[in-house]
Amino acid sequence: SACAEIRRNVRYWKRQIAGESTSHDKARDGHWQIVKAATEGHTGWHWAAEEITRAWVGDVTGRNKRSLSELRGEVFRSLTGAVRKNKARPGSGHVPPQCTCPAKSTGIAMESAGAQIECPVSDATVLTYTDATGSPDSITVADFWQSRQVLADLYQFAKSRRCGPWAMLGNVMLRAASVIPPDVVLPPVVGGQASLNLYVAFAGNSGDGKGAATVAADDWLNCDTIPYTAEAGSGEGMVKQFAYKQNQRGQPPAQKNMRWSVLFDVREIDTLGAIGGRNSSTMLPILRSAYSGEALGFSYADPTKAIKLCAHRYRFCMGVGVQPKNAGTLLHDSDGGTPQRYVWLPVLDPDMPDERPSAPPALTLRNWEDVAPKKKVGKDGTYTLVAGADHLGLLDTDSRPNERTEITVPEHVWSWLDRQRVEHNRGTKRVDALDAHANQTRLKVAAVLMWLDGRTDKITDDDWRLSGAVMAVSVLTRKW
C-alpha cells in the first residue's frame with residue numbers, strides 16, 4: 001500500500017495537472033517526484049505512477065489534444081526519464097530498508113503562503129457515497145481532509161482553535177454560500193432552477209463547541225462582503241430582516257430593502273421549536289420555501305403592509321445547534337420536509353490532538369462579481385459581470401430564468417440525477433423520507449466547495465465526490 005508521502009505527492013500532482021492548461025510538464029515532474037520518493041524508501045510508487053498517468057491521460061484526451069496512441073509514447077518517455085534522472089542523483093543508490101512515514105496516521109504536508117503546514121489526520125472512517133457515474137464509491141475521512149489545500153488548511157485551523165473540523169466546515173460553507181449572489185442558481189434538474197440557500201444542523205450537546213466552531217469560521221474565512229447574521233424569529237420576522245414597509249407622507253407605504261442576504265443563527269434547537277410551536281403556520285413553511293429560493297411574503301387585508309421577496313432575489317442560509325435529545329424538534333417535521341433540507345454535521349472532535357498545532361493562513365473570499373467570468377449581453381457588444389445586478393434594489397422585482405446565472409453540472413451527474421427522478425416517479429426506487437432532498441442538498445454543497453476552491457463556473461467530478469463525502473457524514477450524524 002502507498003505511504004503518506006506517496007499519497008501526498010499523488011494528490012498534489014493530480015491537482016497541478018487538473019489546474020493547468022498545459023499538463024505535460026506537470027505529469028513529467030510528478031513522475032520524477034514519485035520515483036525520487038521511491039529511492040528514499042517510500043512505498044507505493046507503482047500505484048502512484050499509474051494514478052498520475054491516469055490523471056494526465058484523462059486531462060489530455062478530455063481536451064482532445066492528442067490521441068491515446070500518441071500519449072503512450074509520451075508516458076513511456078516520462079517514466080523512463082524519471083528513472084534515469086534519479087539514478088544520476090548523488091546518493092540515490094542507497095534505499096532505506098523501510099518507509100519512514102508514520103504507520104498509523106497520514107500527515108498533511110502542504111505549502112501555504114510559503115510556510116510548511118503539518119497536522120496529523122488519523123481518522124480512517126470510510127465514507128460511502130455515489131460517484132459521478134452513479135456507482136458506489138468511498139473515501140476515508142483522512143483522505144477527504146487532505147484532498148484539497150483549502151480543506152487541509154480548514155482542518156488544521158479547527159485543530160488550532162480546539163473545535164471540531166466538521167462543525168467549522170459547516171459554518172464556513174454557510175458563510176461562503178451567504179455571499180454568493182442570489183441570482184446564481186443550479187440548473188433545473190427537477191422543476192425549476194434551484195437556489196443555493198443552505199441549511200446546516202450542528203449536532204452536539206450544549207457546551208460541545210458549536211460557538212467555538214462559529215468563531216473559528218469567522219476568523220479563518222475573510223469575505224470581502226461580511227455575511228450579515230441574525231437570530232431566527234417568526235416567519236414574518238425573518239422576512240423583515242430583508243425589508244420593511246415605511247410610511248410616506250401623502251403616499252402609500254413603500255418597501256425599503258435593507259439587505260439581500262441573511263445568515264440566520266439558531267444556537268439552540270429549543271429556540272426554533274418554541275418559535276415553531278407558537279408560529280408553526282408561518283415559520284416552518286417559510287423555511288421550506290426559502291430553501292428552494294421561492295418567493296416569500298405574507299398576505300394582509302391591507303396590501304400596503306405586505307413585504308415581497310421575489311424568487312431568487314435573496315440569499316437565506318441557516319445554522320441550527322441540535323442537541324441529540326432534542327433533535328425531534330426537527331426530525332418530527334419530516335412529513336413537512338424540514339429536516340431533509342439540512343446538512344447534519346457533528347460538533348465534537350474525537351481526534352483532537354494533545355498538542356495544539358499552529359494556525360495556517362486565513363482564506364480570503366473575494367466578492368463573487370470580482371472573480372466570476374464575464375458574459376456578453378446586449379446587441380452593442382458590451383460586457384457585464386455575471387450576477388452583477390443591483391441585488392438590493394431588485395428584492396421585490398420578479399426575475400426570469402434567463403436573467404439568472406446557472407452553475408454548470410457535469411453531464412453524467414445530470415444524467416444520473418435524472419434517472420433517480422424517473423425511478424422515483426415509477427416507484428422502482430424507494431428513498432428514505434429523511435433523504436428526500438439529499439441530491440439537491442448535495443448539489444448545493446458541491447457548488448459551495450467549488451466556490452471555496454476559487455471557482456465560479458462549474459461543478460467538477462471532484463466537487464461532486466467531496467460533496468458525497470459531506471453528505472455521508474450528514475447521514476451518519478443524523479442517525480447518531
Side-chain angles (χ1 to χ4, degrees), residues 175 177-185 192-193 195-197 199 223-266 271-272 274-318 367-370 372 377-380 382-405:
R175 281 148 181 77
S178 70
V179 298
I180 298 176
D183 53 359
V184 176
V185 295
Q193 293 166 326
S195 171
L196 293 178
N197 293 347
Y199 300 168
C223 299
D224 279 0
T225 300
I226 300 176
Y228 178 83
T229 59
E231 294 185 2
S234 65
E236 183 180 0
M238 288 189 287
V239 170
K240 287 184 176 179
Q241 288 289 344
F242 294 89
Y244 67 96
K245 278 297 180 73
Q246 185 179 64
N247 291 322
Q248 300 181 107
R249 182 177 298 178
Q251 296 181 1
Q255 177 166 316
K256 297 297 181 181
N257 299 330
M258 296 186 292
R259 57 189 65 90
W260 56 265
S261 176
V262 179
L263 169 54
F264 292 98
D265 182 21
V266 182
T271 304
L272 195 65
I275 297 170
R278 296 194 307 269
N279 305 280
S280 58
S281 62
T282 62
M283 189 198 69
L284 295 181
I286 283 291
L287 291 181
R288 293 191 287 269
S289 296
Y291 172 87
S292 301
E294 299 171 7
L296 301 182
F298 292 89
S299 298
Y300 292 90
D302 182 356
T304 62
K305 296 181 180 179
I307 296 173
K308 182 181 180 182
L309 304 183
C310 291
H312 301 295
R313 290 297 195 189
Y314 64 91
R315 179 68 67 226
F316 187 117
C317 296
M318 176 176 282
N367 288 330
W368 180 281
E369 289 92 342
D370 293 339
V377 295
K379 296 181 179 180
D380 59 354
T382 58
Y383 283 81
T384 183
L385 287 172
V386 172
D390 174 19
H391 307 300
L392 183 61
L394 294 172
L395 265 178
D396 53 346
T397 303
D398 291 324
S399 70
R400 300 194 60 79
N402 61 1
E403 297 173 342
R404 305 168 193 150
T405 301

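We use all heavy atoms of the structure for the numbers below, so side chains are in, but hydrogens, waters and symmetry mates are not.
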If I take atom [atom1] from residue [X] and atom [atom2] from residue [Y], how far apart are they, to the nearest 0.5 angstrom?
X      : Y      : atom1 : atom2 : result
Leu395 : Arg259 : CG    : CZ    : 10.5 Å
Ile180 : Cys317 : CD1   : SG    : 8.0 Å
Gln255 : Phe242 : CD    : CZ    : 11.5 Å
Lys256 : Leu392 : NZ    : CG    : 11.0 Å
Ser289 : Glu294 : OG    : CD    : 4.5 Å
Met318 : Ser178 : CE    : OG    : 13.0 Å

Looking only at heavy atoms, which two atoms of [X] and [Y] are closest? And how far apart?
X      : Y      : answer
Ala230 : Tyr228 : CB-CE2, 3.9 Å
Ala243 : Met258 : N-CE, 4.0 Å
Gln248 : Ala254 : NE2-CB, 3.1 Å

Flag the pair [X] / [Y] as yes when at least one side-chain heavy-atom distance between them is below 4.5 Å, and no otherwise.
X      : Y      : answer
Lys308 : Asp398 : yes
Val185 : Leu196 : no
Glu231 : Asp265 : no

Has the side chain of [X] got a donor or acceptor atom that lies under 3.5 Å from a matching backbone atom of [Y]?
X      : Y      : answer
Asp396 : Leu309 : no
Gln241 : Met238 : no
Lys245 : Ala306 : yes
Arg175 : Pro227 : no
Arg404 : His312 : no
Gln246 : Pro253 : no
Ser195 : Asn197 : yes
Arg313 : Gly393 : no

Measure up the Phe264 and Phe316 rings against each other and bin them: parallel (under 30°), tilted (30 to 60°), perpendicular (over 60°).
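Answer is tilted, since the angle falls between 30° and 60°.
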Do Asn367 and Thr225 have side-chain atoms, one donor and one acceptor, less than 3.5 Å apart?
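Yes, Thr225 and Asn367 have a side-chain donor paired with an acceptor closer than 3.5 Å.
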Pair Asp183, Thr405 - check side chain to side chain contact (heavy atoms under 4.5 Å, CB included), show working.
CA-CA 6 Å; Asp183 53 359; Thr405 301; 5.6 Å; no
With Tyr291 via ring pair (Phe, Tyr, Trp, His ring centres under 6.0 Å) - residues at least two apart:
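Counting only residues at least two positions away or on another chain, Tyr291 forms a ring pair (Phe, Tyr, Trp, His ring centres under 6.0 Å) with Tyr199, His437.
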